[in-house]
Each structure stands twice: as structure tokens, then as C-alpha cells.
Amino acid sequence: QVHLVESGGGMVQAGDSLRLSCEASGDTMCINSMVWYRQPLGEDRQLVAAITGDIEYYVDSVKGRFTIARDSDRNMAYLQMTSLIPEDTAVYYCKADIRASPGPMYTTCNRLARDYWGQGTQVTVSS
């Protein structure tokens, strides 16, 4: 099992910055990618950013404003958000994608679900 806990959300004004954190515990050695999603009220969940090793991905609407990072030693993932706009208002979730790579951990990782989600943290940006 992998357990994820997000933190760092809050209410800010347009132009402000926030850093979201996602702490992972459990079978963290099985995590391949860390992904941030967001879900505005009444809308579908949207992928915001992802990191796999040194490869980062961002949805167009956050490119140049958000930065994803991962500290595998501390089992943490981060989403640094700058120049926030009201359209960034949403519940932000982190997700861990699991991979069962060949090796001593294969059996353990192969028993896990394909991904795990945190409970979410609210970000509200006022104009």
C-alpha cells in the first residue's frame, strides 16, 4: 500500500504563490511517477503536472507558472505554484503511479494497485 497526504493549500490572491506538498508512505519504492491533478468545483479532474525521474510534464495552462519536484529520499513531491490566477482554484490531488520493475521488489510492487491518490487540498485564488 501507498498512502499520500497533501498539504499546503489555502486562500490567496491573484499573483500570489503557494507550494503544495505530498508526503508518501508505505511501499514508496514502488512509485514510478508522481502526478498532480486538480478538480475545480463541478468539473472533471484535470492532470496538472507529472514527474518521472528527471522528466517533467505540464499542462499548457500552468507552463511557466508551476514547477513539480520530487524528493525520493524524503518520499515527498511538491508543486510550486506562482502567478496564481482565479482559474487555478480547485482541489489539488497528488497521485502515485506504481511500477513493478524486475528485481527484488517485483513481487511486492506487483501486488499493489496501479496508482494511489491523496485526499486533496483546496486552493482558492481570489481576484
Side-chain angles (χ1 to χ4, degrees):
Q1 295 285 325
V2 173
H3 186 57
L4 303 174
V5 178
E6 302 98 332
S7 61
M11 297 181 63
V12 297
Q13 294 188 327
D16 286 350
S17 299
L18 275 177
R19 188 178 82 154
L20 304 184
S21 299
C22 176
E23 182 175 9
S25 60
D27 294 313
T28 58
M29 73 291 292
C30 302
I31 297 174
N32 184 43
S33 303
M34 293 297 295
V35 190
W36 284 96
Y37 284 77
R38 66 186 180 188
Q39 186 167 21
L41 186 64
E43 299 184 28
D44 293 334
R45 199 167 293 189
Q46 313 159 351
L47 191 152
V48 176
I51 185 167
T52 305
D54 295 331
I55 300 173
E56 300 172 15
Y57 166 83
Y58 300 93
V59 68
D60 286 346
S61 60
V62 308
K63 282 180 181 177
R65 300 189 299 121
F66 290 12
T67 304
I68 190 170
R70 181 180 176 186
D71 184 341
S72 297
D73 292 338
R74 292 183 171 86
N75 296 319
M76 298 291 296
Y78 305 96
L79 186 67
Q80 178 68 49
M81 306 186 293
T82 64
S83 302
L84 284 161
I85 58 178
E87 289 76 14
D88 295 320
T89 296
V91 178
Y92 284 71
Y93 299 88
C94 71
K95 178 170 75 85
D97 288 340
I98 302 301
R99 180 179 180 184
S101 300
M105 295 304 301
Y106 176 83
T107 301
T108 297
C109 298
N110 198 45
R111 290 174 179 162
L112 302 182
R114 295 302 93 191
D115 53 52
Y116 292 87
W117 292 83
Q119 84 290 346
T121 185
Q122 176 71 47
V123 172
T124 303
V125 184
S126 61
S127 57

Sequence-distant partners of Tyr78, ring pair (Phe, Tyr, Trp, His ring centres under 6.0 Å), two or more places apart: none
Sub-3.5 Å donor-acceptor pair from the side chain of [X] to the main-chain atoms of [Y], do we have one?
X	Y	value
Asp27	Cys30	no
Glu6	Gly120	yes
Tyr116	Ile98	no
Gln39	Ala90	no
Arg114	Leu112	yes
Thr89	Pro86	yes

Taking all heavy atoms of [X] and all of [Y], pick out the closest pair and write down the distance.
X	Y	result
Val2	Ala96	CG1-CB, 4.4 Å
Leu4	Ala24	CD2-CB, 3.5 Å
Asp88	Arg38	OD1-NH1, 2.9 Å
Trp36	Cys22	CZ2-CB, 3.7 Å
Ser21	Met76	CB-CE, 3.8 Å

Working to the nearest 0.5 Å, report the span between [atom1] of [X] and [atom2] of [Y].
X	Y	atom1	atom2	result
Thr121	Leu79	OG1	CG	11.0 Å
His3	Asn75	NE2	CG	13.0 Å
Ser101	Met29	OG	CE	12.5 Å
Gln80	Ile68	CD	CD1	12.0 Å
Thr28	Gln1	OG1	CD	13.0 Å
Ile51	Ser33	CD1	OG	9.0 Å

Gln122 side chain to Thr124 side chain, donor-acceptor N/O pair below 3.5 angstrom: yes
CG (Asp71) with more than 12 external heavy atoms under 6.0 Å: yes
CD/Gln119: more than 12 non-hydrogen atoms of other groups inside 6.0 Å: yes
Residues forming a side-chain hydrogen bond (donor to acceptor under 3.5 Å, both in side chains) with Ser83, sequence neighbours excluded: none
Derivation of the side chain to side chain contact (heavy atoms under 4.5 Å, CB included) call for Asp16 and Val125: CA-CA 8 Å; Asp16 286 350; Val125 184; over 6 Å; no
Test of ring centre spacing under 6.0 Å for Tyr37 and Trp117: yes
Single-linkage hydrophobic cluster Tyr93~Tyr57, side-chain heavy atoms < 4.5 angstrom: yes
Working for side chain to side chain contact (heavy atoms under 4.5 Å, CB included), residues Gln46 and Val59: CA-CA 9 Å; Gln46 313 159 351; Val59 68; over 6 Å; no
Asp97/Arg99 ion pair, N-O < 4.0 Å: no
